[in-house]
Amino acid sequence: MPGTIRTVSTTGHFTFADWQERVIAPGEDANPRLAHASVRNTFTGGIEAAGTNCEYSIVYVTAKTGSFSGMELLTGRVEGREGSFAVEERGFFGEDGTVHCTFEVVPGSGSGELTGLTGKGGFTARHGETAVEYRFAYELTEESARTELRGSA
């Protein structure tokens with residue numbers, strides 16, 4: 001059946017290999033303050049992607065609390081289908097270091113076998129964790145994946 005949509009929920013873990021953060025304004029000890037972070041993550045599980053590129057804009061309300069938004073580009077596989085896609089992330093962090101984040105696939109960003117990918121997910125990271133569990137619910141039309149496969153053959 002052409003255009004069949006397949007809905008899938010998956011989970012996995014990610015780790016970050018690099019976190020480069022710098023204060024933008026007004027200064028290191030001021031609150032509120034703006035910061036920027038460049039991060040590289042590695043995903044395993046339903047999403048398999050090594051060395052992703054992620055850029056965050058951060059607002060520190062206090063020394064330990066605030067909110068952030070960012071974009072992340074993932075290249076790898078989702079449940080075995082190869083390609084790239086981007087997600088928009090939004091979240092906040094509390095006094096205890098716990099980070100709460102939701103993310104959504106940027107419309108039209110899927111490529112390769114992930115063309116037409118849509119979906120949402122999230123994670124909660126607790127201070128000191130080396131691997132963070134994520135959840136991701138996505139839809140992918142079967143026809144777009146087959147068309148991309150035929151075009152690359």
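For this chain, numbers begin at 1 and follow the sequence in order.
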Kindly work out whether a path of hydrophobic side-chain contacts (I/L/V/M/F/W/Y, heavy atoms less than 4.5 Å apart) joins Phe92 to Val87. no
What distance do Arg81 atom CZ and Leu140 atom CG have between them, rounded to the nearest 0.5 Å? 5.0 Å
Please list, chain by chain and in numerical order, all residues satisfying side-chain contact (heavy atoms from CB on, under 4.5 Å) with Thr44, sequence neighbours excluded. His13, Glu48
Rounded at 0.5 Å granularity, tell me how far CD in Gln20 sits from OG in Ser38. 7.5 Å
According to a 4.5 Å side-chain heavy-atom criterion applied to Ile, Leu, Val, Met, Phe, Trp and Tyr, with indirect links allowed, do Phe14 and Leu73 form part of one hydrophobic cluster? no
List the steps, then state whether side chain to side chain contact (heavy atoms under 4.5 Å, CB included) holds for Val23 with Tyr60. CA-CA 10 Å; Val23 173; Tyr60 285 90; over 6 Å; no
In the structure I gave you, are the side-chain heavy atoms of Thr75 and Thr52 within less than 4.5 Å of one another anywhere? no
Enter the distance from His100:NE2 to Ser67:OG here, rounded to the nearest 0.5 Å. 13.0 Å
Does anything in residues 17-38 form a salt bridge (charged side-chain N to carboxylate O under 4.0 Å, His left out)? List the pairs, not counting sequence neighbours. none
Where Ser9 and Ala137 come nearest, the two heavy atoms and their spacing: OG-CB, 3.8 Å
Compare every heavy atom of Gly51 with every heavy atom of Arg40, then report the nearest pair and how far apart it is. NH2-O, 3.2 Å
Any residue meeting ring-ring contact (aromatic ring centres under 6.0 Å, His included) with His36, in chain and number order, not counting sequence neighbours: none
Please name the pair of heavy atoms, one in Thr124 and one in Val132, separated by the smallest distance, quoted to 0.1 Å. O-CG1, 3.8 Å
With a 3.5 Å distance limit and no angle check, can you tell me whether Ser111 reaches the backbone of Ser84 through a side-chain donor-acceptor pair? yes
Sort and list the pairs that fulfil side chain to side chain donor-acceptor pair (under 3.5 Å) and have at least one residue in residues 126-139, not counting sequence neighbours. Thr7-Glu139
Gap between atom CG of Leu114 and atom OG of Ser109 - 0.5 Å precision: 9.0 Å
For the residue pair Ile47 and Phe136, establish whether any side-chain heavy-atom pair is separated by less than 4.5 Å. yes
Met71 and Val106, any side-chain heavy atoms less than 4.5 Å apart: yes
So, for Asn41 and Cys54, which heavy atoms are closest and what is the spacing to 0.1 Å? ND2-CB, 4.3 Å
Hey, is CZ on Phe16 packed in by over 12 heavy atoms from elsewhere, all under 6.0 Å? no
Is Phe93 linked to Leu34 within one hydrophobic cluster, defined over Ile, Leu, Val, Met, Phe, Trp and Tyr using a side-chain heavy-atom separation of less than 4.5 Å? no
Please list all pairs meeting salt bridge (charged side-chain N to carboxylate O under 4.0 Å, His left out) that have one or both residues in residues 51-80, counting only residues at least two apart or in different chains. Arg77-Glu82
Which residue pairs satisfy the ring pair (Phe, Tyr, Trp, His ring centres under 6.0 Å) criterion with at least one member in residues 64-90, sequence neighbours excluded? Tyr56-Phe68
What distance separates Glu104 CD from Glu88 CD, expressed to the nearest 0.5 Å? 7.5 Å
Nearest heavy-atom pair of Val61 and Asn31: which atoms, and what distance? O-CB, 3.4 Å
Interatomic distance, Ile58 atom CD1 to Ile24 atom CD1 [nearest 0.5 angstrom]: 9.5 Å
